[in-house]
2 protein chains.
Amino acid sequence: MAETVPVEPPSRGEQTRALILDTALRLFEEQGYEGTTMRAIAAEAGVSVGNAYYYFDSKEQLIQAFYGRNAQRHVQVAGSAMRDERDLSSRLRAVLRGWVDINERYHEFAGSFFKHAADGRSPLSPFSRESVPAREAVTSIFRDVVEGSDAKIAPALRAELPNLLWLYQMGLVLYWVHDRSPGTAKTYELIDRTVPLVVRAIALSRFRVLRGLLDDTLELVGSLTGKP
Amino acid sequence: MAETVPVEPPSRGEQTRALILDTALRLFEEQGYEGTTMRAIAAEAGVSVGNAYYYFDSKEQLIQAFYGRNAQRHVQVAGSAMRDERDLSSRLRAVLRGWVDINERYHEFAGSFFKHAADGRSPLSPFSRESVPAREAVTSIFRDVVEGSDAKIAPALRAELPNLLWLYQMGLVLYWVHDRSPGTAKTYELIDRTVPLVVRAIALSRFRVLRGLLDDTLELVGSLTGKP
DNA sequence: CGGTCGTATTGAACACGTTCAAAGGAGGCG
DNA sequence: CGCCTCCTTTGAACGTGTTCAATACGACCG
């Protein structure tokens with residue numbers, strides 16, 4: 001993991017690739033996804049449209065890069081937001097609000113972006129094989145949320161909880177995409193209202209009456225995430 | 001509801017509209033959504049492409065019609081599947097499996113279809129204003145599932161349960177879209193395994209420890225579905 | 001220096017969804 | 001019939017994402 005790899009200077013191809021990507025992401029932010037044409041990206045980057053397709057199979061694949069960059073930002077922001085906080089509710093709330101903060105400026109074109117998430121055959125789907133690294137990066141955030149808290153959680157649940165919280169965030173994202181309130185205030189409100197419920201539900205998991213249901217559910221979730 | 005309306009013979013426009021729609025849906029089934037061009041639909045129907053756009057604002061809107069037709073089928077199938085069954089699990093299971101049965105042949109192109117569901121600005125989204133009638137039709141199925149069963153359910157939950165079950169089905173659909181197992185066997189399996197869990201969770205709603213959490217959750221759901 | 005091979009780059013061409021000004025029809029009225 | 005009006009229909013044209021054969025570049029070798 002920490003081996004010293006000889007740092008090659010970026011080849012000509014990698015430079016062009018980075019140039020195209022940076023230009024594309026900038027134009028996406030300025031003019032939205034649908035409002036940005038491949039010709040415009042190529043022209044702004046000073047290359048031909050064919051050249052852009054030499055490095056990216058499709059316009060959608062440029063989104064993949066956008067997604068990855070924002071996930072990376074989320075990891076950073078979440079880390080610092082949780083540093084001095086041990087309460088599970090506070091940690092979870094900070095991480096979720098952090099995601100909304102980061103993505104707020106892209107809210108307008110995020111719809112035409114997340115819609116690919118529901119496409120089973122698209123590599124852009126968060127469930128696809130191509131998204132495994134990005135998904136695990138985000139899941140590790142939630143693992144940190146749980147592990148770094150002082151909450152008492154049943155071990156069986158503890159192991160699967162990060163995946164469940166990731167799913168919970170997916171639901172929030174879906175709400176956020178449809179949220180047209182100014183500043184996506186309703187999404188923030190939804191977070192503030194659901195986080196305590198989620199934490200309470202987690203706490204309830206230790207009760208006797210629930211253990212049967214919980215165990216069966218966890219076994220199901222485990223068998224699904226294991227070999228989908 | 002049962003008023004006698006004078007039955008006008010379908011005008012020329014309505015005939016053309018129906019012709020285009022039937023042709024489109026047939027081609028969608030035969031060649032998939034992306035594989036069917038507007039030009040092909042027009043040619044097959046014997047009209048011009050401009051004429052198709054006179055009746056349908058976009059290719060997506062043809063999907064809306066497809067969605068509506070299948071929802072209608074689901075209502076029929078669900079009704080007969082539940083006729084002689086009072087057990088909540090059996091009723092719920094029959095309705096959900098019925099949906100998968102109906103949509104099985106469209107599974108391959110359903111992905112490029114349901115992806116619009118996640119787009120906040122698309123009228124095709126099941127959360128959009130345009131989808132309210134279709135959504136209420138499906139929700140009424142689940143109301144029937146609950147009301148026609150012999151299960152004892154807390155009144156507060158009973159009122160909101162159809163909406164929650166609709167949401168549950170949305171989750172199953174999302175899984176189904178990504179399900180590549182032969183005959184979408186894994187989706188059927190998921191239904192068979194989750195239905196008992198859902199029903200047990202409903203039954204648990206009467207326990208003391210859960211009432212607080214349940215009431216808060218229901219209030220939240222109510223405020224969301226009320227004025228989104 | 002010339003030649004060769006793999007990488008980069010080009011831009012015209014293609015098929016698609018969509019638009020729109022123009023034309024066609026069908027019924028009503030004088 | 002002639003004229004008008006409204007609904008219907010047409011097909012060329014536009015801008016888009018994408019493809020591909022052709023070309024240019026650059027490093028290495030003899």
Side-chain angles (χ1 to χ4, degrees), chain A residues 6 8-28 30-66 109 111-113 115-116 119 121-124, chain B residues 8-28 30-67 109 111-113 115-116 119 121-124:
Chain A
E8 301 264 354
S11 69
R12 183 160 62 107
E14 289 184 22
Q15 279 182 320
T16 309
R17 184 192 162 87
L19 172 64
I20 292 171
L21 181 55
D22 289 343
T23 307
L25 296 189
R26 180 167 57 81
L27 292 184
F28 285 165
E30 288 172 7
Q31 316 185 18
Y33 178 68
E34 245 104 54
T36 304
T37 69
M38 291 299 284
R39 285 165 179 80
I41 295 172
E44 189 79 6
V47 301
S48 72
V49 38
N51 200 8
Y53 277 92
Y54 179 76
Y55 291 102
F56 298 93
D57 287 345
S58 66
K59 192 181 174 188
E60 285 191 4
Q61 206 167 93
L62 288 167
I63 293 187
Q64 185 95 294
F66 169 84
F109 85 93
S112 51
F113 161 81
K115 71 177 179 187
H116 302 286
D119 188 346
R121 272 168 306 310
S122 169
L124 284 175
Chain B
E8 300 265 354
S11 68
R12 183 160 62 107
E14 288 182 22
Q15 279 181 318
T16 309
R17 184 192 163 86
L19 172 65
I20 292 171
L21 182 55
D22 288 343
T23 307
L25 296 189
R26 179 167 57 82
L27 291 184
F28 284 165
E30 289 173 8
Q31 317 186 18
Y33 177 69
E34 247 103 53
T36 305
T37 69
M38 291 299 284
R39 286 166 178 80
I41 295 172
E44 189 79 6
V47 300
S48 72
V49 33
N51 200 9
Y53 277 92
Y54 179 76
Y55 291 102
F56 299 93
D57 287 346
S58 66
K59 193 182 174 187
E60 286 193 3
Q61 206 166 92
L62 287 166
I63 292 187
Q64 186 94 294
F66 169 85
Y67 187 72
F109 86 93
S112 52
F113 162 85
K115 71 177 180 186
H116 302 286
D119 187 347
R121 273 168 306 309
S122 168
L124 284 175

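No hydrogens, no waters, no symmetry mates; every other heavy atom, side chains included, goes into these values. Throughout, a chain's letter reflects where its sequence line sits, starting with A, and its residues are numbered from 1.
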Would you call [X] and [Y] a side-chain contact if the rule is heavy atoms closer than 4.5 Å?
| X | Y | answer |
| --- | --- | --- |
| A:Q61 | A:Y53 | no |
| B:Y55 | B:L21 | no |
| A:Y54 | A:R17 | no |
| A:T23 | A:V47 | no |

Smallest separation among heavy atoms of B:T36 and B:K59, with atom names: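 Distance-wise, the nearest heavy atoms are O-NZ, 2.8 Å.
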Measure from [atom1] on [X] to [atom2] on [N] and round the result to the nearest Å.
| X | N | atom1 | atom2 | answer |
| --- | --- | --- | --- | --- |
| B:Q31 | C:dC16 | CD | C1' | 15 Å |
| B:Q61 | C:dT18 | CD | C1' | 13 Å |
| A:Q15 | C:dT7 | CD | C1' | 15 Å |
| B:R17 | D:dC7 | CZ | C1' | 15 Å |

When rounded to the nearest 0.5 angstrom, what distance separates CG in B:D57 from CG in B:L62?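 The CG atom of B:L62 is 10.0 Å from CG of B:D57, to the nearest 0.5 Å.
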Expected string for nucleotides 9-22 of chain D under the B/S/- scheme (protein heavy atoms, under 4.0 Å, primed atoms plus P, OP1, OP2 as sugar-phosphate) is BBB-B--BBBB---
